[in-house]
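Working notes, beginning with the structure itself.
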There are 2 protein chains.
Amino acid sequence: MTEPRWLTTDEREAWLRLMAVTMLLPSRLEAQLKRDAGLTHFEYYVLAMISESPGKSMALTQLAARTNASLSRLSHVIGRLEVQGLLTRCASPRDGRTSLATLTDAGWAKVVASAPGHVEEVRTVVLDPLSARQVAQLSDICGRLLATLDPDHGLLGLDSGRPAG
Amino acid sequence: MTEPRWLTTDEREAWLRLMAVTMLLPSRLEAQLKRDAGLTHFEYYVLAMISESPGKSMALTQLAARTNASLSRLSHVIGRLEVQGLLTRCASPRDGRTSLATLTDAGWAKVVASAPGHVEEVRTVVLDPLSARQVAQLSDICGRLLATLDPDHGLLGLDSGRPAG
DNA sequence: GGCGTTTACTTGAAGCAACAACTAAAAGTT
DNA sequence: AACTTTTAGTTGTTGCTTCAAGTAAACGCC
């Protein structure tokens, strides 16, 4: 094996910090949502994505692309959310294969109730500590990284023509 | 509940991109290490941290702080790595409570063998897509975020006086 | 219009992580 | 010196994720 290009001190520093953020940020969001809404971050994200879809309804494959989940994982999670009465599964009238996850009133209420607390947490841990310029830089940088990590932009929902959030 | 401060378009964009990165980056690293070294990213990280410690040996509490793991999680993982013969557990001579995880020759060899591929992946997905200025900006930004996320700097190993990596 | 392929899920088993309860050693208290 | 508290780690259970295998509808095609 040929000698690898090791990291410079600056690169190493940047990398370690980024990794620290990717380790700590999810658990921080997870903790807030679990505490205040009784949802995992993934469950919240699933509900939020559906809630922004027209008719508060979404096919699982589409949802899987947006949430970066395998269909298997999504199927299990949708099952749990269905048991909790936050959404319903129904077959698509157009395509017998696709099943649509549709928010119930309770599901919509859950999203409405939990969103403000979540947004507040995001402000506290990400946006507030940064200057406006840094927020713009962060956006640029992550955009660059996503060109490699997510070439099809499935997570940002660009291909389906709808904004995500 | 009082009306929350919603995100502006720019803030929302930055946030969505950051979240996309924190979702995709771990699975990317995970995949490379699983494929090429048969290790989870967490297992690799544990081995790497121990390997940089003097005597290739580390107390579990110290290790837990560096890897952002609960003692419980670490105990389970150390158990598995011990079964694989990559490290050994032994009681500390100074303090009967602390148990030291020590890398075996096989464990050291594993780190040496897997590090270059991991570093290469880090270059590919993080460092190469960015300019030197952006790397510096990223470092600054993450440094700011860590002030909130990790006030004690346990993850970067600043309190123990040793660099991490 | 039958037949293989692709797409869209579902299901069950196995592994890893989070949580809670526990043991044991050291340190502090009186 | 006994007693409580704190620190360090272990263990078992529960739950979520991943992985492998399976089902069924739609599509391609000759």
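The figures here come from the full heavy-atom set of this structure, side chains too, leaving out hydrogens, waters and symmetry mates. Residue numbers start from 1 in every chain, and the chains themselves are labelled A, B, ... in the order their sequence lines are given, proteins ahead of strands.
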Test: B/R73 cationic atom under 6.0 Å from B/F42 six-membered ring centre, within 45° of axis: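 Because its charged atom sits under 6.0 Å from the ring centre and within 45° of the axis, B/R73 does stack over B/F42.
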
Which residue lies more 5' along DNA chain D, comparing A/F42 with A/R94 via nearest heavy atoms: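 Of the two residues, A/F42 wins.
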
Segment of DNA chain D, first to last nucleotide, that comes within the 4.0 Å heavy-atom reach of chain B: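 In short, chain B contacts DNA chain D from D/dT7 to D/dG12.
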
Within residues 120-149 of chain B or reaching into it, pairs that qualify as ring-ring contact (aromatic ring centres under 6.0 Å, His included) - sequence neighbours excluded: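 Passing the test, one end in residues 120-149 of chain B: no pairs.
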
Residue pairs involving residues 83-135 of chain B (criterion ring-ring contact (aromatic ring centres under 6.0 Å, His included); sequence neighbours excluded):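 Qualifying pairs: B/H41-B/H118, B/Y44-B/H118.
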
Contact nearer the 5' end of DNA chain C, comparing A/R73 with B/G96: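 Its nucleotide being nearer the 5' end, the pick is A/R73.
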
Spacing of B/R80 atom CZ relative to C/dA14 atom C1', expressed in whole Å: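 Atom CZ in B/R80 sits about 12 Å away from atom C1' in C/dA14.
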
Atom-to-atom span, CD of B/Q84 to C1' of C/dG15 - whole angstrom: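 For the pair B/Q84 CD and C/dG15 C1', the rounded distance is 13 Å.
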
Per-nucleotide protein contact string for nucleotides 2-10 of chain C, where B marks a base within reach and S marks sugar-phosphate only (heavy atoms under 4.0 Å, - for neither): -----BSBB

Other residues, nucleotides, ligands: >12 heavy atoms within 6.0 Å of A/R35 CZ: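 Correct, the count exceeds 12.
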
Under-3.5 Å donor-acceptor pair between B/H76 side chain and C/dG15 base: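 For B/H76, whose side chain was compared with the base of C/dG15, there is no donor-acceptor pair (under 3.5 Å).
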
Residues which pass side-chain hydrogen bond (donor to acceptor under 3.5 Å, both in side chains) with B/E30, listed by chain and number, not counting sequence neighbours: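 Testing B/E30 for side-chain hydrogen bond (donor to acceptor under 3.5 Å, both in side chains), a comparison that skips the adjacent residues, returns none.
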
Qualifying salt bridge (charged side-chain N to carboxylate O under 4.0 Å, His left out) pairs with a residue from residues 90-102 of chain A, counting only residues at least two apart or across chains: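 Pairs touching residues 90-102 of chain A that pass the test: A/D95-A/R97.
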
